[in-house]
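Since the structure comes first, as structure tokens, the remarks are kept for the end.
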Amino acid sequence: MAHRMRRTILAGAATALALALTTACTPDPAPSPTPTGFASEEDAFAAAEATYRAYVDALNDVDLADPATFEPVYDKLSGNALSDSKRTLSRLHADGYTRTGETLVGQEQLASAELSSGRVTLSLCLDVTDVDVLDETGSSVVSPDRVDVQPLDVTFIKSSGELKIDDSIASEELACG
């Protein structure tokens, strides 16, 4: 059951993130990790936050009708996040779906940071209240049981010298309001 819930949350988070639209704000560049990780928890948080914002910005440019626009999203991902997003975006494209609405990110906080390895986990609230996914007839395909504000733990790892989103699961610690 826990594995199924985790897969459901991963698929839901990947779908929600694939549908994300943010404000026009441009994030500050991410602080560079030291060769062995990060100098401080503040640097780790800032780098993870900037990486996540860059990922959401890449999602803003996704056109579900054009798979070439998925590549910048994939560049921000590794591990489970990459495989889940590839599966989700490919399915949304194949089904001819479109997205509407805006996803908002809130309550970002550092959950953990392994400074020497560059592994960071942020807890955040993902608000998909205004996001809808429409089929070719314009009918919503979003489950009426969808949780509109999702507490997530997003894990980042260093990959090829860059911080990348590696996984996303339901947060058991963060309460989103």
Side-chain angles (χ1 to χ4, degrees), residues 2-22 27 29-33 35-38 44-99 102-105 108 110-114 116-128 131 133 141-142 146-147 150-172 174:
H3 179 65
R4 179 183 163 108
M5 182 174 186
R6 182 171 186 268
R7 298 296 296 168
T8 300
I9 293 297
L10 282 173
T15 300
L17 293 176
L19 303 171
L21 296 171
T22 63
S32 298
T36 57
F38 294 99
F45 174 78
E49 182 181 38
T51 298
Y52 190 76
R53 296 289 178 179
Y55 168 69
V56 172
D57 287 344
L59 288 171
N60 289 338
D61 294 331
V62 166
D63 175 356
L64 294 175
D66 182 4
T69 65
F70 304 169
E71 291 304 319
V73 172
Y74 301 153
D75 288 343
K76 306 294 181 206
L77 305 172
S78 69
N80 288 333
L82 178 59
S83 60
D84 289 342
S85 288
K86 282 184 174 184
R87 189 172 26 260
T88 298
L89 289 173
S90 294
R91 189 186 76 239
L92 293 171
H93 168 72
D95 290 343
Y97 292 160
T98 58
R99 67 169 189 238
E102 182 175 323
T103 295
L104 304 173
V105 179
E108 294 172 303
L110 183 65
S112 67
E114 297 172 13
S116 62
S117 70
R119 184 179 182 87
V120 180
T121 300
L122 290 184
S123 294
L124 57 88
C125 294
L126 190 68
D127 184 344
V128 295
V131 174
V133 182
V141 297
V142 173
R146 174 184 72 183
V147 175
Q150 304 168 2
L152 299 175
D153 289 331
V154 181
T155 301
F156 302 79
I157 61 166
K158 267 180 68 175
S159 177
S160 303
E162 293 182 58
L163 200 61
K164 295 191 178 216
I165 299 166
D166 190 58
D167 204 1
S168 177
I169 61 172
S171 177
E172 296 181 12
L174 184 66

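Computed from heavy atoms alone, side chains included, the values below leave out hydrogens, waters and symmetry copies.
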- prompt: What distance do Leu126 atom CG and Ser168 atom OG have between them, rounded to the nearest 0.5 Å?
  reply: 8.0 Å
task: Verify side-chain contact (heavy atoms from CB on, under 4.5 Å) between Val131 and Arg146, making sure each step is shown before the conclusion.
output: CA-CA 11 Å; Val131 174; Arg146 174 184 72 183; 4.2 Å; yes
task: Give the intermediate values and the outcome of side-chain contact (heavy atoms from CB on, under 4.5 Å) for residues Leu92 and Val133.
output: CA-CA 9 Å; Leu92 293 171; Val133 182; 4.2 Å; yes
query: Who pairs with Val147 by side-chain contact (heavy atoms from CB on, under 4.5 Å), at least two apart in sequence or on another chain?
result: Gln150
message: Within this structure, what is the CZ-CD distance for the pair Phe45 and Glu108, rounded to the nearest 0.5 Å?
response: 5.5 Å
- prompt: Could you give the distance from CG (Leu122) to CG (Asp153), rounded to the nearest 0.5 Å?
  reply: 9.0 Å
- request: Please assess Leu124 against Val154 for the test side-chain contact (heavy atoms from CB on, under 4.5 Å), listing each intermediate value before the final yes or no.
  value: CA-CA 8 Å; Leu124 57 88; Val154 181; 3.9 Å; yes
statement: Sequence neighbours excluded, the answer for side-chain contact (heavy atoms from CB on, under 4.5 Å) partners of Ser78 is Ile157, Lys164, Asp166
message: Could you tell me if the side chain of Lys86 sits less than 4.5 Å from the side chain of Arg91, heavy atoms only?
response: no
task: Supply the atom-to-atom distance Thr51 OG1 to Leu163 CG, rounded to the nearest 0.5 angstrom.
output: 4.0 Å
- prompt: Is it true that a side-chain atom of Arg99 and a backbone atom of Val62 form a donor plus acceptor pair closer than 3.5 Å?
  reply: yes
task: Flag the pair Leu152 / Ile169 as yes when at least one side-chain heavy-atom distance between them is below 4.5 Å, and no otherwise.
output: no
- prompt: If you round to the nearest 0.5 Å, how far is CG of Leu82 from CG of Asp167?
  reply: 12.0 Å
- prompt: Any side-chain heavy atom of Val141 sitting closer than 4.5 Å to one from Tyr97?
  reply: yes
Distance-only check: which donor-acceptor pairs under 3.5 Å involve side-chain atoms of residues 66-75, not counting sequence neighbours?
from	atom 1	to	atom 2	distance (Å)
Asp66	OD1	Ala68	N	3.1
Thr69	OG1	Asp63	N	2.9
Thr69	OG1	Asp63	O	3.2
Thr69	OG1	Asp66	O	2.7

- line: When rounded to the nearest 0.5 Å, the distance separating CZ of Phe156 from CD of Glu162 is 13.5 Å
- prompt: Are any of the side-chain heavy atoms of Tyr55 and Ser85 separated by less than 4.5 Å?
  reply: yes
- prompt: Counting only N and O atoms by type, is there a donor-acceptor contact under 3.5 Å from the side chain of Ser83 to the main-chain atoms of Asn80?
  reply: yes
- prompt: Going by heavy atoms in the side chains, are Tyr52 and Lys76 under 4.5 Å from each other?
  reply: no
